[in-house]
Amino acid sequence: MLVAFDFDGTITDRDSLQDFVRRMRGWGVCLKAYLACAPRVARLDRGPARRQAIKARFLASALAGLDRRQLEDLAQAYVSRHLPRLLRPEMLERLREHCRRGDTVVLVSASPSLYLDIWARQEGLAQVLATELGFDAQGRYIGLKSANCWGEEKVRRLQGWLGTPAVQLDMAYGDSQGDAAMLACTRRPWLRGSQAALPRLPE
């Protein structure tokens, strides 16, 4: 089967990006980044453009002055020391069960591939489609390289990866409105909170 998982709120019990910044950059840097987002947060619109702008401002403040090597070191440390505490045991087991079955499992997330790539390799996932960070020729962080992987962008990223105009997933797991478009392209979607238990897997 072709199976997609959202990450934050679905596999984890909280937002991993904010947790990454708090733990790896400290509360002071994190609070400064929150304040940098305040003007945009106050806007009334709630669409993808607003989310993209907030994430860009948050990361521009939180990662200021860091280069690719430094960020990769922070990401490796985060995945090793902190990320396991965020994982929901039942969802981690479900993901691993899909892998044991030989299903093609893809992680589709608005969080940065910076640390998701590391975690996904450890779990043997086929692909990570996530928000990409950009770096200049000297390796310095310069902002978002891709669109924020949320909402319809998840479907566009899946289309690009699959090389097909229409996405048809066998199963997908999500937890929020940001996953609605992806779940709509799924034969057996699962949305946290709308169903009491995880669906049974076919024999």
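As the structure is a computational prediction, the values presented were derived from the model and not from experiment.
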Whether over 12 other heavy atoms sit under 6.0 Å from Arg81 CZ: no
Distance in Å, Leu71 CG paired with Gln76 CD, rounded so as to fall on 0.5 Å steps: 13.0 Å
Verdict with supporting geometry, Leu87 and Phe7, side chain to side chain contact (heavy atoms under 4.5 Å, CB included): CA-CA 9 Å; Leu87 304 177; Phe7 192 68; 4.2 Å; yes
Residues Arg96, Glu93: salt bridge by 4.0 Å N-O rule: no
Verify same cluster id: Leu35, Ile54 (apolar side-chain graph, 4.5 Å): no
Side chain to side chain, Gln18 and Tyr34, heavy atoms closer than 4.5 Å: yes
Heavy atoms from other residues, nucleotides or ligands near CD of Gln70 exceed 12 (cutoff 6.0 Å): yes
Spacing of CE belonging to Met24 relative to NE2 belonging to His82, to within rounding of 0.5 Å: 5.0 Å
Within-4.5 Å side-chain heavy-atom neighbours: Val105 and Glu123: no
Cluster overlap Leu63 with Leu114, hydrophobic side-chain contacts below 4.5 Å: yes
Side chain to side chain contact (heavy atoms under 4.5 Å, CB included) between Lys32 and Val29, intermediate numbers included: CA-CA 5 Å; Lys32 183 180 178 182; Val29 170; 5.7 Å; no
Hydrophobic cluster membership, Trp150 vs Leu158, 4.5 Å side-chain cutoff: no
Side chain proximity check, Asp103 to Met171, heavy atoms < 4.5 angstrom: no
Hydrophobic cluster identity match, Phe5 and Val167, side-chain contacts under 4.5 Å: no
Residue pair Leu17, Asp8: steps toward the side chain to side chain contact (heavy atoms under 4.5 Å, CB included) verdict: CA-CA 9 Å; Leu17 176 56; Asp8 294 310; 5.6 Å; no
Flag side-chain contact, heavy atom, 4.5 Å: Arg192 against Trp190: yes
Proximity of Tyr173 and His98 rings by center, below 6.0 Å: yes
Side chain proximity check, Asp6 to Lys154, heavy atoms < 4.5 angstrom: yes
Hydrophobic cluster identity match, Val106 and Tyr115, side-chain contacts under 4.5 Å: no
Spatial distance of atom CG (Leu183) from atom CZ (Arg188) [nearest 0.5 Å]: 13.5 Å
Distance in Å, Asp117 CG paired with Gln122 CD, rounded so as to fall on 0.5 Å steps: 11.5 Å
Check: residues 128-135 side-chain donor-acceptor pairs under 3.5 Å, at least two apart:
unit_1	atom_1	unit_2	atom_2	d
Thr131	OG1	Ala110	O	2.6
Thr131	OG1	Asn148	OD1	3.2
Thr131	OG1	Cys149	N	3.1
Glu132	OE1	Ser113	OG	2.7
Glu132	OE2	Ser113	OG	3.4

Note, Tyr78 side chain near Ile118 side chain (heavy atom, < 4.5 Å): no
Asp67/Arg69 under salt bridge (charged side-chain N to carboxylate O under 4.0 Å, His left out): CA gap, chis, key distance, verdict: CA-CA 6 Å; Asp67 60 28; Arg69 178 61 181 273; over 6 Å; no
Pairwise side-chain contact, Leu162 with Gln168, heavy-atom cut-off 4.5 Å (strictly under): no
Any side-chain heavy-atom pair of Glu153 and Arg51 under 4.5 Å: no
